[in-house]
Colleague: 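Could you have a look at this structure, given as C-alpha cells, before my questions?
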Amino acid sequence: MNSIEDILSELYAIDPSFKRHEADLRSLVKRLRLAKPDFSIDDAFVRRLRSDILYSGKPKPVSFLIRSYFIQTSKNLFRSSAFGMAIALVLLVPIAYTANLYQKNQSVSYKVDNASVSLGEEQEISYKPQNAFGVVALTATTSPALQATPTPNFSSIIASSTMSAIFATSTATTTPPAYIFNGSAPTLSQPTANVLETDTSSAARSELLANIQNLGFELSDMTSIADANDSVGTIEVQESKPFGYIVTMNLNKMTITISKNPASWPDESNLPLTTNLNATDTINIALIFLKQHNINTLNYGPATLVSENSASSTATVLLPLIINHQNVFNTDGSSYGINISVDQKLEKVTAVTGITLQKYTASAYPVETNFTNILNILDASNATTTATTTTATVASTTPELGTPASGLIHYIVNDNEFFVPGLIFPVASSTELVTVPLLKNTIEK
Amino acid sequence: MRQLDNEKELIAQCQEGKTVFFGALYDRYVRIIYSFIYYKTFNKETAEDLTSETFFKALSHIHTVDPNRSFQSWLYKIAQNSVIDHFRRERKTENVDDIWDIADSTNLEVDANVALQIGTLRTELGHLTRLQRDIVIMRVWQELSYREIAEIVGKSEASCKMNYSRAVKHLKKVVPIAIGITNNQ
C-alpha cells in the first residue's frame, strides 16, 4: 500500500499549496487509508466463476436478474411469506425458460433438470500414485464425429493440428515449414500434472450398465444387460417403436452410442428437401434429446453447431467435455465431447456419440516446464515428419502460433482412453488450434 | 507493452470464437474489478453477483471490443453500469449510481465490519462528485496509476490529478481531524 508520505508527496506535486496544511492533510490521508474496507475475495468464488464463464456457458446475467428481482421482491413485499415464494417461483419459470434459449455465437446452454437421475451428473476422479499408468505412448485421435470424414494422415504423434500445412509434409515438400511463435510464454511451474484414464473397473461397468435404464428408451429385452459380466465387451439393445433407436454400450471403452434404428424410421427420400431449421433450432433439438434421455450436460461447455451437410440435411452439434474445469481437445485441436447428429428434414436426432460415465482415475506424471523445449518439440515434430500424405492444402505462409492455453488432450492408447495435460496454441488468421502434450517422457522421445 | 500486445492477442482469439482464451483476461482483471465493485457496494454477495454479471457481459460482447482501446477501461465501464443498474433496480430511482449516493442506507445490506471501518467517512466521501470519489478510491484504495485511472474514467491524466486535488481539498474542509492521530505514522 502506498505510504502516507508517498500520497502526500504526490499531492504536493499536484498542488504545492497543500504543503501549508501538512498536518491536516496527513491526518486526512491517514483516515482515508484506515477507512479502506477490509475484505478478501473468496478464491472459491473466483474459481467457480471462471469455470462458469469459460465452460458451462450458463446465462448468468439473466439468472442474476432473476435472483436480484427475487431477492428484492421478497425483501420488500413478501418477507418470510410463503405467498412471496409462490409469486417468485411463478416469475422464475418463464424467465428461466428464456434463459435456456439464451444464445451466443450459434450456441445455447440448456440446464438439465438435476432432480432426475442422469448419466454423467457427477464427475468422479480417484487418484493413484505417480506414474501409475506406466509409459503412456501417445497416438493422435480425432473427434468421433469427424472420424468418418477423410482427414490427412499425419505422421506426427507429438503435436497435431487439422492444419495440414503445419504438421503434415507432403511427398512433394522438401523443406518443412517452420513455426513462428508470436504469443507470450506461459508460466509452467508445476513439475507434475495429472493424467486421467477412463475408469473401466467392474464397479464402473456395473454403473454404466445400470444407467441404461435411466436413458428412457423403450428397451424390451434387458436380459443380456442383467447377465453382462466382465467378459462382455459390447451390448446392443434396440427400440422397435416408430423412430426407435439402437443403444450400444461399449464396456471396454465405457461409452454409450445411440443411433437410429433404420428398420423403424421412414424412408427420408420421400420427404421434402426444404427445411427452415436454423442453428439455434438444431442445437435445441439436440439438447432436448439429451434432456429427454437424462444425459447430463453439466460437465460440458455450450453446445455448438460444428458441421452442416445440406445435401443430406444432417448437422452435427458438439458439447465439449470439461474434466475438472479443463477443456478437452482431440489431438487435432477440435473439441472432444458428445456429438449429436440431427436430421434437419425430420427434425430428429439420428445419432449420439461420446456419452460417458465420467469416472476417471488420475495419476501425476512429470511434465515439461521449459517452454523453449516445447517450442523446439513443435519444430522437431515438424522436421522429423515423414511423407505420408498427399494432401494438397500446403500453406504458403509460415504458421504463426499465439499464446497457448492449457487443457486436456484426448488419446486412445492400447484401447484405453487417456486425457493428458497439454498446451493448446491458436494459429493466427485461422480457426485451427495446435495441441502439444506436456508429458515429459513423451516429449523427450 | 508486451502485456498490451498479449491482451490484444487474447481479445482477438476470443473474437474469433476461441473463448477459452478469455480465461487469461479474466485472471488478469477479476480481482481488480471485484474490488472496484466492492467499494461501490460494501456487500460481498452483491459484489460477487455484479462481478459475475460484468464478466458474463464482457464475454458475450467481446466481439464489440476495439483492440486499439483499453480493455481494462471497457471492463470497468461494464462494471460501473452493472453497479448503477443494481442500485437503480434496488432503489427504484434514477439518481443513485452506487452506495455512496445513498444517504440513508439503513435498509441496505452492508458488511458489518466495513460499516464500522469506514464510519463517518462514508458521508464525507459521499459529498464528492462521483468522478472525484472514483479517483480517490482508485488512487488511495486500489492504488492504480493515474494513467490507469485516466483510461478507466475516460479523462486525461492531468484532469484526473486536478479532480484528485479538488477532492482532497474538499475532504480537508469537511473531514474532522481525529483526536489522537499522530503525524508521524
Side-chain angles (χ1 to χ4, degrees), chain A residues 1-2 4 7 10-11 13-15 18 21-39 41-42 45-46 49-50 52-55 57-61 64-65 67-69 72 75 104-105 182-184 301-302 304 327 402-403 405 407 424 426 428 430-431 433, chain B residues 2-3 5-6 9-10 12-13 16-24 26-27 30-31 34-35 38-39 42 44 47-53 55-57 59-60 63 86 89-90 111 113-114 117-119 121-122 136 139-141 143 161-162 164-165 168-169 171-172 175 177-178 181 183 185:
Chain A
M1 190 172 181
N2 287 332
I4 291 177
I7 296 173
E10 183 181 275
L11 284 168
I14 296 171
D15 184 351
F18 277 132
H21 311 281
E22 183 178 348
D24 289 353
L25 210 57
R26 187 179 291 277
S27 173
L28 171 66
V29 170
K30 176 164 185 179
R31 220 177 134 211
L32 276 172
R33 281 163 42 94
L34 286 174
K36 177 182 175 180
D38 282 334
F39 69 90
I41 186 165
D42 182 351
F45 159 74
V46 172
L49 177 59
R50 190 183 203 282
D52 285 349
I53 290 171
L54 295 184
Y55 305 129
K58 289 170 190 165
K60 279 289 161 51
F64 169 80
L65 294 176
R67 189 150 83 87
S68 295
Y69 187 81
Q72 189 57 35
K75 270 183 193 169
K104 172 170 61 72
N105 296 335
N182 271 338
S184 297
T304 314
N327 276 47
T403 304
I424 321 300
S430 160
T431 57
L433 297 169
Chain B
R2 182 65 240 173
Q3 174 164 317
D5 289 344
N6 178 23
E9 186 189 346
L10 290 169
Q13 296 298 338
E16 286 178 16
K18 299 169 196 168
T19 51
V20 66
F21 291 93
F22 190 75
Y26 172 86
D27 294 340
V30 64
R31 288 170 194 279
Y34 179 93
S35 304
Y38 188 85
Y39 293 144
F42 293 155
K44 183 172 180 285
E48 288 184 354
D49 282 345
L50 296 178
T51 303
S52 301
E53 187 177 86
F55 280 96
F56 270 102
K57 276 183 186 169
L59 180 58
S60 62
H63 59 284
H86 166 75
R89 276 197 306 268
E90 188 130 318
D111 293 344
N113 61 320
V114 174
Q117 194 169 7
I118 202 157
L121 195 65
R122 178 165 163 187
V136 169
R139 186 70 196 116
V140 180
W141 288 355
E143 299 187 19
K161 286 179 181 177
M162 183 59 69
Y164 181 50
S165 162
V168 169
K169 275 180 187 162
L171 288 173
K172 193 169 70 62
V175 174
I177 304 304
I181 292 177
N183 285 351
Q185 194 165 346

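Chain naming here is simple, since letters A, B, ... match the order of the sequence lines and numbering starts at 1 in each. Side chains are part of it too, since the values below use all heavy atoms of this structure and drop only hydrogens, waters and symmetry mates.
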Colleague: To the nearest 0.5 Å, how far apart are OH in B:Y26 and CZ in A:R50?
Modeller: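 Nearest 0.5 Å value for the OH-CZ distance: 8.0 Å.
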Colleague: Can you tell me which portion of B:A12 sits under 4.5 Å from chain A's heavy atoms? Options are side chain, backbone, both or neither.
Modeller: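 Neither; nothing under 4.5 Å.
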Colleague: Which heavy atom in A:F39 sits nearest to a heavy atom in B:S35, and how many Å separate them?
Modeller: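 The pair with the smallest heavy-atom distance is CZ-OG, 3.5 Å.
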Colleague: Does the side chain to side chain contact (heavy atoms under 4.5 Å, CB included) test come out yes or no for B:T51 and A:F45, once each step is laid out?
Modeller: CA-CA 10 Å; B:T51 303; A:F45 159 74; 4.1 Å; yes
Colleague: Please look at B:Q13 and chain A and tell me whether the side chain, the backbone, both or neither of the residue comes under 4.5 angstrom of a heavy atom of that chain.
Modeller: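 The side chain, not the backbone.
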Colleague: Could you give the distance from CG (A:L25) to NZ (B:K169), rounded to the nearest 0.5 Å?
Modeller: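 With rounding to 0.5 Å, CG (A:L25) is 10.5 Å from NZ (B:K169).
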Colleague: If I compare all heavy atoms of A:N182 with all of B:E9, which pair ends up nearest, and what's the gap?
Modeller: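 Where A:N182 meets B:E9 most closely, the heavy atoms are O-OE1, 3.7 Å.
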Colleague: What part of A:I41 is in contact with chain B, defined as an atom under 4.5 angstrom from a non-hydrogen atom: side chain, backbone, both or neither?
Modeller: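 Both backbone and side chain.
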Colleague: Backbone N or O of A:I14 within a donor-acceptor pair of the B:K161 side chain at under 3.5 Å?
Modeller: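 Checked: no pair found.
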Colleague: Please determine, among A:A405, A:P426, A:G402, the option with the most heavy-atom pairs under 4.5 Å with chain B.
Modeller: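 The candidate making the most pairs under 4.5 Å is A:P426.
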Colleague: What distance do A:L32 atom CG and B:W141 atom CH2 have between them, rounded to the nearest 0.5 Å?
Modeller: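 One finds 7.5 Å between CG of A:L32 and CH2 of B:W141.
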Colleague: Do the side chains of A:R31 and B:L171 get nearer than 4.5 Å, heavy atoms only?
Modeller: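 B:L171 vs A:R31: side chains apart.
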Colleague: Could you tell me the separation between the CD1 atom of A:I7 and the CZ atom of B:R139, rounded to the nearest 0.5 Å?
Modeller: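 So the gap between those two atoms works out to 7.5 Å.
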Colleague: Mind listing the closest non-hydrogen atom pair of A:R33 and B:V140 along with its distance?
Modeller: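 Here A:R33 and B:V140 meet closest at CG-CG1, 4.2 Å.
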